[in-house]
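Scroll down for the structure; my scribbles are underneath it.
Numbering starts at 1 and runs along the sequence shown.
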Amino acid sequence: MTVYVLRVLVKMAITLFVIVSATFLATRLSGSPLETFLGEGLTAEGRQALIDYFELDRSLWHQYLAYLRGVLSGEFGLGFVERRPVTEIVADRIWPSLQLLLASIGLTLAVSIPLGVIAAVYRKHWIGSAVMVLAFTGYAVPAFVLAIFMILVFSYTLNWLPVVGNGSAAHFIMPTIAMSGVLIAALTRFTRNAMLDVLGQDFIRTARAKGLPELWVVLKHGLGNASITVISVIGLQIAGLAAAGSVVVESIFSWPGIGELLVTSAIVRDYPLLQFGVITVAVAVVLINAITDIAYALADPRIRLARS
C-alpha cells in the first residue's frame, strides 16, 4: 500500500507541475495587462515602477523561472488591481466557495443515491423509468442553462429568490441547484448501474432465500457492495464540480468565491491573481482525485494490484 500511495503522490506532483506551467503560458498568451488597466491614473515614473516590480518587461523565460521560484517558496506576489498579496485575496474567497461546494455535495448525495437505488429496484416499473428520464434530462442540461432558467422563473417572474450575493440562506438555493443538477443526474445513473450489477449476484439471491427483509437486502448487501463503485464516481464528479462548476455558477450569480474571482482576474489579465487562483483550484481537484484513488484502493485491493 505504501508503494501505491507514493505512486499517487508522484502523479500529483507531475500533474501540478504541468498545471503550473500551463497556467503561466496561458496567462502570457492572453495578452499584456499594460493596456487594460495597469498604470491608469499614474505618472510615467509610477507606471515604470510597477512594470519593474512585476518584471513585465523581462523575457518570457525569465518571468517563468521567477514564477517557479515564487511557487516553490510560497511567494505568489501582489495582485495587479488590489496591490496586496494574492494569497490574502484568494483566502477571502475560499470560504464562500467551500460553502457552496459543500451545499452542492450534500444535495447531490441526498438526492442521487436514493434515486439511483429506486431506479434499480423498480427497473421494470414506471417509477424506475421516470427516474431515468429525469436523470438523462438533467444530464443534458448544462449548469449555465439551468441557472439562467431558474433566474428567469424564480427571480424575475415570481420574485421569490435573490440572484446576487450570499447574504442569506435564500441566496444558496439557486446556485446550489445549478451546481448540483448535472452531478445529481450522473450519480443517479452510476448508482443505478452499480446497484443492478450487485443485485444480480448470487449472494443477493442467497440473502433473499434466507428470508431477510427486502429493505435490508437492498441497503445492506446491495448498496453496501455497490458503494465501492459509487465512491470513485463521487470523487471524480466532485473534482469536476470544484473546477468547472464553481467558475460558471459563481460568475452567473456573482457569488463571491474563487470561481468568480478567476473570471474577473482573467478579464483584466491580473497574472499573479489568476495564476494563484488556478493553482488553488488545481490543488483541490488533484487532492480530491488522489483521496478517491486511495480510498478506492483500500476498499478493493484488486484495484491497487492492477494499478501498481
Treat each ILVMFWY residue as a node, draw an edge where side-chain heavy atoms are under 4.5 Å apart, and state whether [X] and [Y] are in one component.
X: Val163; Y: Phe149; answer: yes
X: Leu98; Y: Ile173; answer: no
X: Val18; Y: Leu9; answer: no
X: Phe76; Y: Leu72; answer: no

Rounded distance (nearest 0.5 Å) linking atom [atom1] of [X] with atom [atom2] of [Y]:
X: Thr280; Y: Arg93; atom1: OG1; atom2: CZ; result: 12.5 Å
X: Ile113; Y: Leu223; atom1: CD1; atom2: CG; result: 6.5 Å
X: Leu107; Y: Thr176; atom1: CG; atom2: OG1; result: 7.0 Å
X: Leu152; Y: Leu158; atom1: CG; atom2: CG; result: 11.0 Å
X: Phe17; Y: Leu68; atom1: CZ; atom2: CG; result: 6.0 Å
X: Ile279; Y: Leu16; atom1: CD1; atom2: CG; result: 8.5 Å

I want to check something: taking the side chain as every heavy atom from C-beta on, are [X] and [Y] in contact at a cut-off of under 4.5 Å?
X: Phe253; Y: Val164; value: no
X: Met12; Y: Leu287; value: yes
X: Leu109; Y: Leu187; value: yes
X: Phe172; Y: Gln99; value: yes
X: Trp160; Y: Val153; value: no
X: Met195; Y: Val218; value: yes
X: Ile252; Y: Ile151; value: yes
X: Val141; Y: Val182; value: no

Heavy-atom donor-acceptor pair, [X] side chain to [Y] backbone, under 3.5 Å:
X: Trp255; Y: Pro96; value: yes
X: Ser97; Y: Ile258; value: yes
X: Ser180; Y: Ile177; value: no

Quick check: closest heavy atoms across [X] and [Y], and the distance to 0.1 Å?
X: Val247; Y: Leu262; result: CG2-CD1, 4.2 Å
X: Pro175; Y: Leu100; result: CB-CD1, 3.7 Å
X: Met179; Y: Ser104; result: CB-OG, 3.4 Å
X: Ala178; Y: Ala147; result: CB-CB, 4.0 Å
X: Thr23; Y: Gln275; result: CG2-CA, 3.7 Å
X: Leu199; Y: Ala120; result: CD1-CB, 4.4 Å

**Message:** If you count heavy atoms of other groups shown closer than 6.0 angstrom to OH of Tyr67, is the number above 12?
**Reply:**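 Enclosed: over 12 neighbouring heavy atoms sit under 6.0 Å from OH of Tyr67.
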
**Message:** Parallel, tilted or perpendicular: which one describes the rings of Tyr122 and His125, with boundaries at 30° and 60°?
**Reply:**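 Rings of Tyr122 and His125: perpendicular, over 60°.
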
**Message:** For residues 181-198, which residue pairs pass the salt bridge (charged side-chain N to carboxylate O under 4.0 Å, His left out) check, not counting sequence neighbours?
**Reply:**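 The answer is none; no pair qualifies.
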
**Evaluation steps, side chain to side chain contact (heavy atoms under 4.5 Å, CB included), between Val198 and Phe203** = CA-CA 9 Å; Val198 173; Phe203 67 88; 3.7 Å; yes

**Item:** Ser73: side chain to side chain donor-acceptor pair (under 3.5 Å) partners, not counting sequence neighbours
**Value:**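 Ser73: no side chain to side chain donor-acceptor pair (under 3.5 Å) contacts found.
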
